[in-house]
Amino acid sequence: MKNLREAKIGDTVRVVKLHGEGAVKRRIMDMGLTKGAEVHIRKVAPLGDPIELTVRGYELSLRKADAEMIEVE
């Protein structure tokens, strides 16, 4: 499986699993990135961090370190 960081601009992927512990995992879930959520990769900043996503109808910027914790298909 690949993680969200490996997805390309323009891809729409589905969240399969969240890795991580405690507060970090809870923060990711609070942003709407839960199992089964569809995520569209809108753009990536010039230096690769952060990644801009559309999830559940709103735009979200996510750090690469956090994106690596999200397994997608």
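The analysis underlying the following values was restricted to heavy atoms, covering all of them including side chains, and did not include hydrogens, waters or symmetry mates.
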What salt bridge (Lys or Arg N to Asp or Glu O under 4.0 Å) pairs are there with at least one residue in residues 14-26, not counting sequence neighbours?
R14-E38, R26-D30
Which heavy atom of E73 sits nearest to which heavy atom of V16, and what is that distance?
CG-CG2, 3.6 Å
Considering only heavy atoms from C-beta outward, does the side chain of V55 approach that of V15 to under 4.5 Å?
no
Test item: L60 and L33 side chains (from C-beta on) under 4.5 Å apart, heavy atoms
yes
Which residue pairs pass the salt bridge (Lys or Arg N to Asp or Glu O under 4.0 Å) test when at least one of the two sits in residues 58-70, sequence neighbours left out?
R5-E68, R27-D66, R42-E59, R63-D66
Show the numbers, then the answer: is there a side-chain contact (heavy atoms from CB on, under 4.5 Å) between M69 and N3?
CA-CA 7 Å; M69 296 182 205; N3 60 41; over 6 Å; no
hydrophobic_cluster_shared for L62 and V24, side chain cutoff 4.5 Å:
yes
Atom pair NZ (K43) and CD1 (I9), whose distance is rounded to the nearest 0.5 Å
10.0 Å
Is the closest side-chain heavy-atom distance between K35 and L18 below 4.5 Å?
no
Go through it in stages, so that I can follow the logic: the residues are I70 and V39, the test is side-chain contact (heavy atoms from CB on, under 4.5 Å), and I'd like the CA-CA distance, side-chain angles, deciding distance and then a yes or no.
CA-CA 11 Å; I70 303 167; V39 180; over 6 Å; no
Min side-chain heavy-atom separation I41-L4 under 4.5 Å:
yes
